[in-house]
Amino acid sequence: MSEVRTRIAPSPTGDPHVGTAYIALFNLCFARQHNGKFILRIEDTDQVRSSKKSEDDILKALSWLGLIWDEGPDKGGDFGPYRQSERSDIYAEHVRRLVKEGHAFHCFCSEERLTELRKQQMIDKKPLGYDGHCLLLSEGEIAENLNKNIPHVIRMKIPSEGCCIVKDMLRDDVSIEWQQVDMQVLMKSDGLPTYHLANVVDDHLMQITHVIRGEEWINSAPKHLLLYQYFGWEAPVLCHMPLLRNADKSKLSKRKNPTSIGYYQRMGYLPEALCNYLGMMGWSMPDEQEMFSLEDMIKHFDINRVSLGGPVFDTEKLDWLNGRYLREILSDDEFTQRFSQWAFQPEMLQAIVPLIKQRVERFTDIAPLASFFFSGMPTIDLQSFEHKTLSQDDSKRVLQFIAWRIEELEAWHRDRIEQTLMQLADSLGFKIRDFLFPVFIAIAGSSVSTSVIDSIAVLGLDMTRARLRHAIEILGGVSKKQLKNLEKEYSALVHQSEQS
RNA sequence: GUCCCCUUCGUCUAGAGGCCUAGGACACCUGGUUUUCAUCCAGGCAACAGGGGUUCGAAACCCCUAGGGGACGCCA
């Protein structure tokens, strides 16, 4: 049998996600266990949302966790380039081939038509998907449309009947009717491929033998399998892992949980502890040992020990594990070293110094003033939020709106944050000073502190959101009913500001 | 709405028809150690979603029901 090759294929559209690390870990273990290779490929075909910054962050985060790849955009390999944006020609060529061989077709349908179509399908209680409108176009009409430069996409053809059997390493064969499968867009109107096409082409060209990915992909597996068939390629073995969950069992999301790897780094978790913890999500060592290194995991890895129930990503056990690493594994010297590495990161200090410099008279003033940058959640209670004009409900509302507002920011820059907060204060009709009061408490634990906007910029999205959420909980939390009302008010607010 | 997947203590899990009166761990509670606290140690609480089969025997295999989740984008 040929060499085992697995891959992780993150899309650089935000902060590095623990889910990415989770899937990377299992791909890495599987590959290593079979003396195979583990590949990192960047799926940046979404031109609008992808960024180089995010790509760099992902590479850094995975390295920090010790999840090292053998081939990737930064270290090359025999099957490059490993960044999909650099492989456009390859996809274009493959799409041409599919069209020529009659497996794919041009589609000139407008967005409006598609939206309308979906609406109608919903009413008719039919599966949602493309209706094959452009399939009826004659060659002449297609040529004419192309000549006129009408924007178009390429869609794949799907058998009209029968069903597709998806084999999976972890479960029984999954059978999905072709009628349920959409005529997926393979190439967007910007000429770039969609995930489905790029993924299949790359996995084949990069000789990936085992695709270990999240369960969310099961339903699109038929499309992928069909593409392999169209191309006449052998499909890799598929394996769909359970999804990491929020406490309410929904798919792990940043709205309900901190999901960025950077957050856990900043919260003072050791990479080996986080890695260990991810390893016990849906998997266990044969002897049920709970503390194990990446090497241990690779050595004893058995993909069949993956259990299918979606594990709740609950940090209580991570806390306990991390504590054990800290006090049982690290020697005093190592502890010292690791702690100073964590605490004295030049980047972080350089960001903080300008904020505190003008407020100190001695170095001893620094710790009390800046400790909140290095802490987890601030110690605050209901009394902390007492204010002469702002009620606790006001505070709660302000914090909730800010939490929602900042997650919509496309870039995390001080000025953007400031602008956003000012706008929000304005549209809520609060004085800036009053408006920022609960924010100070939530972020710094005190209203006597460095600029809260700069502090937010330094702390980052996930840490900020975690503190806002923490503060909201202290203020009594938000009931379902309240949440509904707040959401209503919020969307009205956003609507209003969009119009002005 | 349509389809797909999943279901063991609150949480992570063990369990491959008899070792199951269901084991371990976190959390929680109690006690001990400790000048305090933490650590550490000892103990306790706590689950096979429900119903029907198959079988001498079911947590495990099959069916139904319920619950949860996911997918249904020119996002990945």
Side-chain angles (χ1 to χ4, degrees), chain A residues 9-14 17 19-20 41-50 84 107-111 114-115 118-130 151-155 163-164 166 168 170-172 174-182 184-199 213-223 240-252 276-291 304-321 323-324 326-328:
Chain A
S11 110
T13 54
H17 199 281
T20 306
R41 179 174 72 226
I42 294 293
E43 307 223 329
D44 54 351
T45 53
D46 183 340
Q47 289 215 281
V48 182
R49 295 196 305 151
S50 297
Q84 291 187 329
C107 171
F108 301 91
C109 291
S110 66
E111 242 181 277
L114 296 175
T115 317
R118 257 173 233 123
K119 227 155 102 193
Q120 193 56 47
Q121 286 168 333
M122 197 75 103
I123 294 167
D124 295 345
K125 305 184 178 185
K126 286 206 185 123
L128 272 40
Y130 187 63
H152 68 280
V153 300
I154 310 280
R155 289 178 184 274
C163 64
C164 177
V166 180
D168 186 289
L170 297 176
R171 61 200 92 217
D172 294 337
V174 178
S175 151
I176 295 173
E177 303 253 353
W178 284 118
Q179 290 193 349
Q180 293 292 332
V181 182
D182 194 12
Q184 181 65 48
V185 171
L186 298 178
M187 184 160 285
K188 303 179 265 189
S189 54
D190 63 4
L192 289 178
T194 56
Y195 166 85
H196 304 277
L197 191 265
N199 194 261
R213 59 182 0 170
E215 202 176 20
E216 61 211 6
W217 294 109
I218 284 193
N219 285 287
S220 38
K223 294 169 189 170
H240 294 94
M241 295 285 296
L243 260 23
L244 261 24
R245 312 291 183 100
N246 298 310
D248 64 2
K249 304 267 187 183
S250 57
K251 175 167 130 177
L252 189 65
N276 185 161
Y277 178 68
L278 287 172
M280 50 203 269
M281 297 277 93
W283 191 80
S284 60
M285 287 284 263
D287 63 357
E288 276 202 83
Q289 194 186 327
E290 299 206 272
M291 204 171 178
N304 292 309
R305 289 189 64 83
V306 170
S307 59
L308 263 15
V312 173
F313 190 87
D314 174 356
T315 51
E316 257 175 4
K317 199 155 188 169
L318 172 60
D319 288 337
W320 163 78
L321 240 195
R324 285 193 62 188
L326 247 24
R327 65 187 112 83
E328 290 175 28

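Each chain gets a letter, A, B and so on, in the order its sequence line appears, and its residues count up from 1.
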Practice task
Encode nucleotides 6-11 of chain B as B, S and - characters from 5' to 3', where the letter depends on protein heavy atoms closer than 4.0 Å: B to the base, S only to sugar-phosphate, - to neither.
Solution key: S----S
Exercise for the section: Quick one, give me the B/S/- string for nucleotides 42-54 of chain B, reading 5' to 3', where B means a protein heavy atom under 4.0 Å from the base and S means that only happens at the primed atoms, P, OP1 or OP2. Expected result: -------------
Completion exercise
Once base and sugar-phosphate atoms are separated, protein heavy atoms under 4.0 Å mark nucleotides 28-39 of chain B, 5' to 3', with B, S and - as -----------S
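Pair assignment for B/A58: none, as no Watson-Crick or G-U wobble contacts are both less than 3.5 Å. Remark: B/C48 base-pairs with no nucleotide; criterion is Watson-Crick or G-U wobble with both hydrogen-bond distances under 3.5 Å. B/G1 is paired with B/C72 under the Watson-Crick or G-U wobble criterion, all donor-acceptor distances under 3.5 Å. In a base pair of the Watson-Crick type (N1 to N3 plus N6-O4 or O6-N4) or a G-U wobble (N1-O2 and O6-N3), with each distance short of 3.5 Å, B/C29 is matched with B/G43. As the counterpart of B/G17, no nucleotide is assigned, since no Watson-Crick or G-U wobble pattern has both distances under 3.5 Å. Using Watson-Crick or G-U wobble geometry with both donor-acceptor distances under 3.5 Å, B/A22 finds no partner in any strand shown. Across all strands shown, B/C9 has no partner, as no Watson-Crick or G-U wobble contact with both distances under 3.5 Å is found.
Separating the CH2 atom of A/Trp283 from the P atom of B/A25 is a distance of 19 Å, rounded to the nearest angstrom. Distance CZ (A/Arg213) to C1' (B/G70): 14 Å, rounded to an integer number of Å. Between the CD atom of A/Gln180 and the P atom of B/C4 there is a distance of 7 Å, given to the nearest Å. A/Glu290 has its CD atom 13 Å from the P atom of B/C12, to the nearest Å. For A/Gln120 and B/U2, the CD to P distance is 16 Å, given to the nearest whole Å. The nearest whole Å value for the distance from the CH2 atom in A/Trp178 to the C1' atom in B/C4 is 14 Å. Regarding A/Met280, its CE atom lies at a distance of 11 Å from the P atom of B/A14, rounded to whole Å. Between the C1' atom of B/A71 and the CD atom of A/Glu177 lies a distance of 16 Å, rounded to the nearest Å.
Heavy atoms only, all atoms of each residue included: A/Thr315 and A/Tyr277 are closest at N-OH, 4.3 Å. The two residues A/Met291 and A/Asn276 come nearest to each other via the heavy atoms CA-OD1, 3.4 Å. Closest approach of A/Tyr130 and A/Cys109 over heavy atoms only: OH-SG, 3.0 Å. Residues A/Ser175 and A/Cys163 come closest through the heavy atom pair OG-SG, 3.5 Å. The shortest heavy-atom contact between A/Ile176 and A/Ile218 is CD1-O, 4.1 Å. Closest approach of A/Pro286 to A/Arg305, counting heavy atoms only: CA-CZ, 3.6 Å.
Applying the side-chain hydrogen bond (donor to acceptor under 3.5 Å, both in side chains) test to A/Arg213 and every residue at least two apart in sequence or in another chain returns A/His224, A/His240. With sequence neighbours left out, A/Ser11 forms a side-chain hydrogen bond (donor to acceptor under 3.5 Å, both in side chains) with A/Thr13. Contacts of A/Glu111 classified as salt bridge (Lys or Arg N to Asp or Glu O under 4.0 Å), with partners at least two apart in sequence or in another chain: none. By the side-chain hydrogen bond (donor to acceptor under 3.5 Å, both in side chains) test, A/Gln84 is found to be paired with A/Glu43, A/Asp202, residues two or more places apart in sequence or in another chain being considered. Under the salt bridge (Lys or Arg N to Asp or Glu O under 4.0 Å) criterion, A/Asp168 pairs with A/Arg171, not counting sequence neighbours. Annotation: salt bridge (Lys or Arg N to Asp or Glu O under 4.0 Å) contacts of A/Glu216 (sequence neighbours excluded): A/Lys251. With sequence neighbours left out, the side-chain hydrogen bond (donor to acceptor under 3.5 Å, both in side chains) criterion links A/Arg155 to no other residue.
Taking the P atom of each, B/C5 and B/A42 are spaced 45 Å apart, rounded to whole Å. Atom P of B/G17 sits at a distance of 27 Å from the matching atom of B/U11, rounded to the whole Å. Comparing the same atom, C1', in B/U2 and in B/A46 gives a spacing of 40 Å after rounding to whole Å. For the P atoms, the distance linking B/U8 with B/G68 amounts to 14 Å, nearest Å. For B/A16 and B/A60, the P atoms lie 12 Å apart once the distance is rounded to whole Å. Spacing between B/G10 and B/A49 at atom P, rounded to whole Å, works out to 12 Å. If you take atom C1' in B/A59 and the same atom in B/C9, they sit 14 Å apart, rounded to whole Å. If you take atom P in B/C6 and the same atom in B/A14, they sit 15 Å apart, rounded to whole Å.
For the pair A/Arg324 and A/Asp124, nearest-nucleotide mapping onto RNA chain B gives the more 5' position to A/Asp124.
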Please write out each protein N/O paired with an N/O of nucleotides 73-76 of chain B under 3.5 Å, distance rounded to 0.1 Å.
from, atom 1, to, atom 2, distance (Å)
B/G73, OP2, A/Arg118, NE, 3.2
B/C74, O2, A/Ser189, N, 2.9
B/C74, O2, A/Ser189, OG, 2.7
B/C74, N3, A/Ser189, OG, 3.3
B/C75, OP2, A/Lys188, NZ, 2.8
B/C75, O2', A/Asp46, OD2, 2.8
B/C75, O2', A/Arg49, NH2, 2.9
B/C75, O2, A/Arg49, NH2, 3.1
B/A76, OP1, A/Thr45, OG1, 2.6
B/A76, OP1, A/Lys188, NZ, 3.0
B/A76, OP2, A/Tyr195, N, 3.1
B/A76, O3', A/Glu43, OE1, 3.0

Filtered N/O pairs between nucleotides 15-17 of chain B and protein, under 3.5 Å:
from, atom 1, to, atom 2, distance (Å)
B/G15, OP1, A/Arg305, NH1, 3.2

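Evaluation of atom-type donor-acceptor distances gives no pair under 3.5 Å for the side chain of A/Gln121 against the base of B/G1.
Proximity of A/His17 to A/Leu252: side-chain heavy atoms (C-beta onward) are separated by under 4.5 Å at one or more points.
How far CG of A/Asp190 is from OG1 of A/Thr45: 8.5 Å, rounded to the nearest 0.5 Å. Put simply, NZ on A/Lys223 and CG on A/Asn199 are 12.0 Å apart, with the number rounded to the nearest 0.5 Å.
At most 12 heavy atoms of other shown residues, nucleotides or ligands fall within 6.0 angstrom of atom CG in A/Asp172.
With 3.5 Å as the limit, one finds a donor-acceptor pair spanning the side chains of A/Asn246 and A/Ser250.
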